Amino acid sequence: MPEGAADLDRLEAEARAALAAARDVQALVEARARCLGRKGSISTLLRGLGALPPDERARAGEAVNAVRDRLEAFADARRTELEQESVSRDLERGRIDVTLPGVPSHAGRLHAVTRAERDICTFFASLGFSVEEGPEVELERYNFDALNIPDDHPARDSHDTFYVRPGVVLRTHTSPVQIRTMTGRTPPFRFIAPGRVYRHDASPRHSPMFSQVEGFLVDERATFADLKGVLYAFARHLLGPATRLRFRASFFPFTEPSAELDFGCVLCEGRGCATCSRTGWIEWGGCGMIHPKVLENCGIDPERWQGFAFGMGMERAAMMRHNVPQIRLLYEPDVRLLEQL
Amino acid sequence: MRVSLCWLAEWIDLPAPASEIAERLTASGLEVEGVECLGPDLSGVRVGLVLEREKHPNADRLSLCRVDAGDGAAVDVVCGAPNVAAGQKIAFAPAGTKLPDGRVLERSKIRGVVSNGMICSARELGLGDEAGGILVLDSAATVGAALSEVIPSGDSVLEVAVPSNRGDCASILGVAREVHALFGGEIRIPPVAATAAAPPPLPRIAIEDPEGCNLYVGRIVEGVRIGPSPDWVVARLETAGLRSINNVVDVTNLVLLEFGQPLHAFDLSKLRGETITVRSAHEGEAIETLDGVTRKLAPEDLVIADADAAIAIAGVMGGAGSQVGEATTNVLVESAHFAPGRIRRTARRLGISSEASYRFERGVDPDGVARAADRAARLLEEIAGGCSVGGAIITQGAPREAVPPISLDPDRVNRLLGTSLAPSEVASLLARVGVASSRTPDGSLRCEIPSHRSDLRRYQDLVEEVVRIHGCDRVPTTLPLVRLAAVETPPLRVLADRSRDAFVAAGFFEAVCLSFLCSADLDRLDLAADDPRRRTVVLSNPISEEHACLRSTLVASLLRAARENLAHRVDRVRLFEVSRVFFDEGPAALPREPLRAAALVCRAERTNLWESSKPPPIYFEARGVAERVLRELGHVASLRPGSGEPFLHPGASAEIRLAGLRVGSVGEIHPEVARRFSIDRPCAIVDLDLETLAGRMAAPAQYREVSQQPPVRRDLALLVARRVAAGDLLEAISKAGGRDLVSVDLFDRYEGPGVPDDEVSLAFRLVFQRLERAFTDAEITKQVERIVSMLGHRFGAELRSAPGGGA
Ligand SMILES: [Zn+2]
């Protein structure tokens, strides 16, 4: 079956047209099989070459193979093109209005005071302080008497106590945990006691419930200087390495010597602002060497053992950090506030 | 206690400005809560130095000065005063200063030259009428210093918080002693009346309750003319916040402020009989006090009485009957020392806090009793025209316990403080607070306690004095040397923290609500009369009815929180709380304080503004959270329909059980209860008893080999009666599937056309897989057939179509 060059050209043109007409990869595969496949037109043509005389056969074979190579290359190129088109089509189909609001990913959050409490517990654990707890409804005896605040002592006035019945109060501080923890134990020991405390104070600037952390360490040689060191380390962990502290001598019936602890206002860096009442200092808590009577009340010999104790408001750091003006805002379950803090 | 610095300065030289005195007093334990300036406010005005003065280029009468105000660069100031000259120290108000007349200085151009402030005259500073020229200051003044430190601009009042053990500080004398301790200087005691004369024969003073009163001093002043006090007395009282009444009463108050010794003046003519008695009140006795109120007395109250009746409540308040009035001419001044505890109990019971009771409670110097009476007598002579009759009538009660000397080992001071003070330093610090000491042969200090410091009882009290005068800030800062010990945390705290984390991971915000409960909320929750949550801990002095007791459930707090949030148009409320609740355990025990966790979810009908699909009932959100939290805690809980909680929807709530124990409930809030809390949309809660959960701490999750075989899936669509609980089907399938069935899920629930009215179509997806080898089709088919026939048998379930599925 002799074929002229013209026929070969026609065949190539037809095959090209068929390959070019394929609209997708599947159609291309089929069109390719029709012209380049084992039973395709080119293969048929090549098989027909056997009938030609050898010299012609070689020449014609060369020509047909050239056509085949060109068609193969064309089909490959077409395939790449179709694949790209398909990707583009898919992308087009996947086009969305990216300005529509996202599906909200609703994370929750721990309360700011809980976070402060954890931070505090973690820090003191690093210094080897264990955690103790005590009841929030407490015996008056533990809340006051055992802490060397007898009934007729005016120091009780400042406590604004909630009473449940005679002898039972809402604890006004975490210090009774000292009594509960030390009684029956032999020093040395060190504990912190975080928890809620209550004061009968309805003024809007205060909250009748707030959180304190009590800490105490008793051994044979703990000093006031050690107390300062621990509180400096604590304050710098909680409020930053540049934190300044001020220890002011004070009076608490359950510590002696006693001191009030202030930290340098972080907001104004000590220059004075509304938050610190223009003093540059924020009152944080009280501390001191545990009063010998308190140790005696717990069955600990104050001639042999000595120690220090401190009690700090836990909200302070959170209020500072988030610039919360009033403590009671922390205890309002308002989602708009909780989302901020 | 409000302390006028002008007044204080009469008692002791003040070597420092008010701010420094306040700071030092505060640091040493006498907290100054505020300094009130009675004169003009000069803050901002500083001492400046006129470096150069030349004529203003554009105005003959003005000068142009270069002023150094201590902050480095000198500034140009235009000045109109004729007396300004180079080299003067002047009062300079930089731009931005607020002058006493309220004007705020601005940087301005005067005749073409910029002026950066003002050189002030006395009048501009509110310090006088001199307006003719600028105020020229002492040449020794420090450039840059606040003007108030250079010229006294009027009196300042220190608001001193007196510590509850330092009654002696509630007086000018007491504060002067503190100033002496910190700054040194001599204390000047004002003059008192002669004491040498013999006491008058009448009245007699008898102390019948010697424990309540160990000293009573009376002084008679005759011929006083009641009238207004002189201005200086009125002004002094006002600085302390006291109102002037009349000259006699004012004298008693003035002496109280001076010495801290409460006094009382009786009109001698109104006293019946010849003897004044200090005694306990009689049963049922009453007295009308100065404030016009009739008070019922109790036998533990101490009274001053004449022959007929009580004329004063000792140390608390005088009686109306013996009050000094217009017609009074002869006065008995009382100065006494009463037992602090007695005064405190009476004042507290009667709800009176007077200047007198405040001081007696905190301790008054017993050695100052007579002196105060003498001082009052002297002042009555001076300003009320009176005449002392004889000396003081002094009657002793129980002899006062002598304050014994305290032995202080200086080493103990250092051992307690961590300081290294020499014994002589310790002694000199103590001397500054009036504690004289001498070394004993064993090296310790024998410390004599002055009578006004009854608070000093133990050597530790002296250590406190040492550190407060030495300065807390001068104590070194060290870290303790300790033996290591393992750190422990109560297990319940660990559980609380883990459940908090689980709720947070589930997208909840932690709320911390007040522990108080309004008892009406228990009615709103429909709790039965015998519900244990009715056993609340009731406060005897609540802040309000809303806070009458401690909460026995977290649910009421969360419902109130939901209401508040919805009122604020917050659309999506997901809150949880982990807190203690409180149960009364009767009069013999403290309440129980178990830990609970609760969460509330409440949202608008649609969760996303543009998303169209409707979310399932809110119950399932709450249930999902409950399951997730329990899983995080290592538990797989089972739920049983019906929580039994009166405040939950009976048809949309379940009880959460763990190994046969109830550990909580989950459900939608009963619509009626929701209405009572003004919640207008579906709302569901989870309520968990962490205490019971803690008793069943889950073991850590255990490793199980993961199969490499392909899982085989079969979907089953079943028709069942509607009353059949899907949970029961799931449980039965799961049980019947055994180990090979790795999961079963409900993926479709349909009721409506094509399904009989009282039936529902439930579609389950079963996944089979095992470790050893892949399942054959036949094995799976056999398994599924077994399950289907079991479901048919037990639940009347009918297969809707042949099980579909694949690998
Ligand atoms: Zn500040």
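Since we're looking at a predicted model, the values are computed, not measured. Reminder, nothing fancy here: chain letters follow the sequence lines and each chain counts from 1.
- Contacts of A/Tyr163 with chain B are made by both backbone and side-chain atoms, with heavy-atom separations under 4.5 Å.
- Both the backbone and the side chain of A/Ala125 come within contact range of chain B, judged by heavy atoms closer than 4.5 Å.
- Cation-pi contact between B/Arg362 and B/Tyr358: present, with separation from the ring centre below 6.0 Å and deviation from the ring axis of at most 45°.
- For A/Asp219, the part sitting under 4.5 Å from any heavy atom of chain B is the side chain, from C-beta outward, and nothing else.
- If you measure heavy-atom distances from A/Leu139 to chain B, the contacts under 4.5 Å come from both the backbone and the side chain.
- A ring-centre distance under 6.0 Å is not found for A/Phe216 and A/Phe308.
- For chain B, the nearby parts of A/Pro135 are the backbone and the side chain; heavy atoms of each come within less than 4.5 Å.
- In this structure, chain B has no heavy atom under 4.5 Å from any part of A/Ser211.
- For a residue to count as touching a neighbouring chain, one of its non-hydrogen atoms must lie under 4.5 Å from one of that chain's; by this rule A/Val335 touches chain B with backbone and side chain alike.
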For a salt bridge (charged side-chain N to carboxylate O under 4.0 Å, His left out) check, start with the C-alpha distance between A/Arg328 and A/Asp201, then their side-chain angles and the critical distance, and finish with the verdict. CA-CA 11 Å; A/Arg328 67 177 176 80; A/Asp201 184 345; over 6 Å; no
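- Only the side chain of A/Glu283 comes within contact range of chain B, with at least one heavy atom under 4.5 Å from a heavy atom of that chain.
- Heavy-atom distances place the side chain of B/Glu593, and not its backbone, under 4.5 Å from chain A.
- For chain B, the nearby part of A/Phe129 is the backbone; its heavy atoms alone come within less than 4.5 Å.
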